[in-house]
Every structure is written in structure tokens, then in C-alpha cells.
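Keep in mind it's a predicted model, so treat the numbers as computed, not measured. The basis for the numbers below is simple: all heavy atoms, side chains too, and nothing from hydrogens, waters or symmetry mates. Whatever order the structure lists ligands and atoms in, that order sets their numbers, starting from 1.
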Amino acid sequence: MSDKKNVFTEMDGKFSGNEVFQNEGRDYQNPEEFKKLVHARRSVRKFTAEKIPDHIVNDCLDTALLAPNSSNLQTWEFYRVTSTDARAKLVEACFSQGAAASASELIVCVARRDTWRKNSKRMLAEFKKLPVDPPKVVQDYYGKLVPFVYTVGWFNILTPLKWILNTVVGIFKVVPRDPISSFGINVWAVKSCALACENLMLAFRSYGYDTCPMEGFDSWRAKKAIGLKGCAEIVMVIGAGKRAEGGVYGPRMRFPNEQFIKTV
Ligand SMILES: Cc1cc2nc3c(=O)[nH]c(=O)nc-3n(C[C@H](O)[C@H](O)[C@H](O)COP(=O)(O)O)c2cc1C
């Protein structure tokens, strides 16, 4: 292992003595079941009228929130659309596609590039509740590094400065080159939200329900339908429900693995 010191290496071993979370999930393995679940998920465009019980929807949403996410800043939101009016507007914003119109549940999955500051303070507060004292590196991470990396200033005023700094310093050492603009921070937040979306869809499937992720929507109208304002970015709308006859539009098609899986 490299002997270079930085915020990531400083964390090594800081919590190694704590049995409670060191053993979380350690003994779990079930590749066959996992593969079955992944294979069982298909994008379904036609659902029956059967409702998904509330406790299942809530459980699936809870599972979504367990997705890994950048710096654990949880810059996401999930809107379960239950109002008839909002739903009708959202379906229209989704080009009235069958996957939205027939779904018994519509969940709007949102990336919030604007919540990292509030959430980094909350992370510090959460660390303070642990049975062990948060190491100084954690305080520096959320208190100093996160604000330094994610602050881009009004109208991205700091972006050129950050680019120059990263480019010059980056000649000599490893630097965090992205994100340096609000666009980059949006991409950053979207990545984590998309992982939660996958958790959500697999969770529904594990209960015998199906989903369709949709980015076929008019983002302005979709945001308006659920009262979302500002820089909140809808990553996808997920329709969920009981698969109807003919709900899967075709066989699963993927290009040969060799095209995508590379060894370097
Ligand atoms: C980000 C994203 C957006 C998608 N948008 C739509 C959509 O608007 N409408 C739709 O019918 N399917 C949509 N899909 C589903 C894809 O078409 C589907 O995942 C792909 O064809 C592979 O099929 P499978 O999910 O059954 O494996 C979307 C999937 C993703 C991941």
C-alpha cells in the first residue's frame, strides 16, 4: 500500500476495532439468488390495475436509500406521486407512455446538487452520535475538504480558478479534478441517485412487482407536476406495478460482453 498521506488513507484503521459495524453483512453470500433477481428485472411497459401495498412501497424506498453514494452526502430525493392531479400531469409529462399511464406507482427520482452543504453538516452530527469519537480526519473531510471541493461560487465563478489550480498542481500530484462546476456537481449527484434507482427497481422485483425506469419526459413539465423548483434534477421517473400480459416488449437484448468488459 502507498505511504502517501491524504484524507482517504488517513481513515485506514480508524474504526477497525468496532465490532458492530465491522461485521455488518460480512457473512452474507448468495450469488445465485442475486443473479436470479437481476435476471428477473425487465423494463415493463404495461401494468395491471393491482395496487402495491403501502408497506412494500415504503420498504422498497427504504432499500433504495441504502445505495452507495458519494461521500455519503445523500444528495437525492424520491417523490412518491399519490395525488391524482399531480399524477395526471406527470403522466402527460412522460409523453403519456404506457409505463407511466398504467403504473400503479410513480416515483420521481431526483438528484439534488444543492444539498451537499446541509448534508455534510448532518454527516458530522451523525458521526458525533457514534459510540466512538469521530477521528479528526472525518471532521476535516466534511468540515473542510467537502466545502472546498464542491463550492463553485455564484454562476460558477470559481470554475476557471479551480481548473487552473487543478491543472497546475495536478502536474505534480494527484488532485480531485472534478467536479469544478455546477454542471459537474449535477453529474456527481446524478450518479449516486441512479444507484439508488437500481436498488429501488430490484427491491420491487424482489417482492414480485415490476418497474420501468423512464427518462422519456419533459423535465420542465415533470418538475412542475410535482412542485419541484430550482436546480433539482429528475434523474428518472420509475413506474412500478404488477406486470400485465404483454408488458415486456421484447427479449432481453445485450451486445456481446467483450465489447464492454475490458482488461487493462
Ligand atoms: C435512464 C433510463 C431511461 C429509460 N427511459 C425509458 C423510457 O422513457 N421509456 C421506456 O419505455 N423505457 C425506458 N428505459 C428502459 C430501457 O429501454 C431498458 O432498460 C432497456 O431497453 C433494456 O431493457 P431491460 O431493462 O428490460 O433489460 C430507460 C432506462 C434507463 C436506465
Side-chain angles (χ1 to χ4, degrees), residues 31 33-49 52 60-61 63-70 75-81 86-113 183-226 228 231-261:
E33 275 311 310
F34 176 69
K35 260 187 274 177
K36 268 195 232 163
L37 175 63
V38 170
H39 281 264
R41 187 213 56 79
R42 291 298 318 274
S43 292
V44 167
R45 276 74 179 220
K46 216 159 72 178
F47 299 97
T48 69
I52 308 177
C60 293
L61 284 165
T63 304
L65 299 183
L66 297 180
N69 63 93
S70 186
T75 48
W76 50 35
E77 281 171 351
F78 298 85
Y79 292 81
R80 182 183 178 195
V81 182
R87 186 195 154 90
K89 287 178 178 152
L90 182 62
V91 169
E92 196 190 341
C94 292
F95 301 101
S96 304
Q97 47 179 309
S102 66
S104 66
E105 290 289 336
L106 283 176
I107 295 164
V108 183
C109 309
V110 176
R112 301 290 318 215
R113 70 163 194 253
F183 175 78
I185 295 181
N186 217 35
V187 172
W188 166 79
V190 166
K191 288 183 210 173
S192 293
C193 181
L195 292 177
C197 292
E198 176 71 346
N199 267 19
L200 182 60
M201 291 187 279
L202 291 177
F204 274 122
R205 190 77 275 274
S206 74
Y207 276 109
Y209 294 98
D210 281 289
T211 54
C212 185
M214 286 170 274
E215 61 180 351
F217 54 78
D218 172 332
S219 56
W220 181 74
R221 285 189 169 77
K223 279 174 77 168
K224 211 158 158 251
I226 61 164
L228 260 185
C231 62
E233 168 97 14
I234 300 181
V235 176
M236 59 188 92
V237 177
I238 294 182
K242 200 71 176 170
R243 189 184 300 200
E245 201 59 44
V248 178
Y249 283 4
R252 169 108 69 192
M253 284 187 269
R254 292 293 189 268
F255 304 128
N257 292 4
E258 308 82 66
Q259 195 173 330
F260 306 110
I261 302 172

K.L.:
Do any N or O atoms from the side chain of S102 and from the backbone of F47 form a donor-acceptor pair under 3.5 angstrom?
P.N.:
yes
K.L.:
Taking D210 as the fixed residue, which of K242, R205, R41 is the one that meets the salt bridge (charged side-chain N to carboxylate O under 4.0 Å, His left out) rule?
P.N.:
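The salt bridge (charged side-chain N to carboxylate O under 4.0 Å, His left out) with D210 is passed solely by R205 among K242, R205, R41.
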K.L.:
Heavy-atom cut-off of under 4.0 Å around ligand 1: list whichever protein residues fall inside it, by chain and number.
P.N.:
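Ligand 1 pocket, heavy atoms under 4.0 Å: R41, R42, S43, R45, Q97, C212, P213, M214, E215, G216, R252, R254.
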K.L.:
Please say whether more than 12 non-hydrogen atoms of neighbouring residues, nucleotides or ligands are located less than 6.0 Å from CZ in F34.
P.N.:
no
K.L.:
Where is the tightest heavy-atom contact between V44 and A99, given as atom of each residue plus distance?
P.N.:
O-CB, 3.9 Å
K.L.:
Are the side chains of Q97 and R45 in touch, meaning some heavy atoms are under 4.5 Å apart?
P.N.:
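In short, these two side chains do not touch, never coming nearer than 4.5 Å.
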K.L.:
List for me each residue that meets side chain to side chain donor-acceptor pair (under 3.5 Å) alongside S70, sequence neighbours excluded, and say none if there are none.
P.N.:
W188
